[in-house]
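Counting convention: from 1, in listed order, for ligands and their atoms alike. All values below were derived from every heavy atom in this structure, side-chain atoms included, with hydrogens, water molecules and symmetry-related copies excluded.
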Amino acid sequence: MSFTVIKHPLILDKLTRMRRKETSSKDFRENLNEIGQLMVYEIFRDVPLSEIEIETPVQKTLGYTITKPVVLIPIIRAGLGMTEGIQTLVPTSRIAHVGLYRNEETLEPVQYYAKPTQDIDKSFVIVVDPMLATGGSASKAISIAKEWGAKNIKFVCLVSVQEGVDRLLKDHPDVDIYTASLDPILNEDGYIVPGLGDAGDRIFGTK
Ligand code: PRP
Ligand code: URA
């Protein structure tokens, strides 16, 4: 298992725009989409490649193709906003969905939807959610992916805290975690501080 904070000036600039409370829902979505695209470079660094023979207009040559199918699993709702950017750069990826919301008192995830894709056991699987707070939602979504047969799993988020990282390390030590920021604190209401507020509400304009 690895834990990687992807640091890049463009990501830092866009994440800062997202954190600002006055940022509109439209700008929040656009920046999330763009950060998703920028993070893809690092997440796919070790994706297995196969050599293939192709023919250019000039001659035959060897090229490369991603060996396994790619499956993205957004945790609905907020994961949807980050998945679009990743899919832009990997347009052949399939999308499976897991719907979870946190119980506001217990902070435990409640499942309301799950839809797998074919061949998930043979795929390079990426579970996507912008927020890794207590880690309950990510852990549950990864467990569901494993029940579907997924073996080669990565988890990507925008903002994380140590509690969530530790929870994933304990529950899923085989999963690599990628984030754009490890924030300092999880407050008593389960919000990341400084964070960016409720990601789902900011993406969908629901508060
Ligand atoms: C948010 C977020 C994660 C979860 C993270 O979703 O998108 O799924 O909280 O918190 P955790 O690490 O403590 O589980 P939320 O439950 O607010 O649902 P939503 O996406 O529908 O807004
Ligand atoms: N979910 C969010 O959307 N934001 C947080 O800060 C924590 C969980």
Below 3.5 Å, N or O to N or O, backbone or side chain included: is there any such pair between [X] and ligand 1?
| X | answer |
| --- | --- |
| P130 | no |
| D201 | no |
| A138 | no |

Exercise. Which pair of heavy atoms, one from P91 and one from T88, lies closest together, and at what distance?
Worked result: CD-O, 3.8 Å
Seminar exercise, completed: Closest heavy-atom pair, A199 versus A78, reported as atoms and distance to 0.1 Å, is CB-CB, 4.0 Å
Seminar exercise, completed: Counting from 1 in the order shown, the ligand 2 atoms closer than 4.0 Å to a non-hydrogen atom of A133 are 7 (C), 8 (C)
Exercise. Of all the atoms in ligand 2, which lie at a distance below 4.0 Å from a heavy atom belonging to R102?
Worked result: 7 (C), 8 (C)
Atoms in ligand 1 flagged as close to [X], the criterion being non-hydrogen separation under 4.0 Å:
| X | value |
| --- | --- |
| A78 | 7 (O), 20 (O) |
| M131 | 2 (C), 3 (C), 5 (C) |
| G200 | 22 (O) |
| Y101 | 16 (O) |

For this session: Decide, yes or no, whether a salt bridge links R19 with D183 under the criterion of side-chain N to carboxylate O below 4.0 Å.
Result: yes
Problem set entry | Contact check, G164 vs ligand 1, heavy-atom distance below 4.0 Å | no
Exercise. Are K154 and V127 side-chain neighbours, meaning at least one heavy-atom pair lies under 4.5 Å?
Worked result: no
Checking a contact table here: which protein heavy atom is nearest [atom], and how many Å away?
| atom | result |
| --- | --- |
| atom 6 (O) of ligand 2 | I192 N, 2.8 Å |
| atom 18 (O) of ligand 1 | L100 O, 3.9 Å |
| atom 3 (O) of ligand 2 | A199 N, 2.9 Å |
| atom 11 (P) of ligand 1 | T134 OG1, 3.4 Å |
| atom 7 (C) of ligand 2 | G190 O, 3.4 Å |
| atom 4 (C) of ligand 1 | S137 OG, 3.5 Å |
| atom 4 (N) of ligand 2 | G197 O, 2.8 Å |

For this session: Quick one: look at D198 and ligand 1, take heavy-atom pairs under 4.0 Å, and tell me if it's side chain, backbone, both or neither.
Result: side chain
For this session: Check D129 against ligand 1 and report side chain, backbone, both or neither, counting heavy atoms closer than 4.0 Å.
Result: side chain
Seminar exercise, completed: Note: with side-chain heavy atoms under 4.5 Å as the link, the other cluster members for I52 come out as I54
For this session: Pick, from E108, R102, E163, R77, the option with the minimum heavy-atom distance to atom 15 (P) of ligand 1.
Result: R102
Donor-acceptor side-chain pairing of [X] and [Y] below 3.5 angstrom:
| X | Y | value |
| --- | --- | --- |
| S24 | R202 | no |
| T16 | R20 | no |
| E108 | N103 | no |
| T206 | R77 | yes |

For this session: Specify whether the nearest protein heavy atom to atom 6 (O) of ligand 1 is under 4.0 angstrom away.
Result: no
Problem set entry | Nearest-0.5 Å distance, CD1 of residue I86 to CG of residue L89 | 9.0 Å
Seminar exercise, completed: d(Y101 OH, Y112 OH) to nearest 0.5 Å is 9.5 Å
Exercise. Would you say P130 touches ligand 2, if touching means a heavy atom closer than 4.0 Å?
Worked result: no
For this session: Report, as yes or no, whether the 6.0 Å neighbourhood of atom NZ on K115 holds more than 12 heavy atoms from other residues, nucleotides or ligands.
Result: no
Problem set entry | For M82, the option from V156, I75, I203 that meets side-chain contact (heavy atoms from CB on, under 4.5 Å) | V156
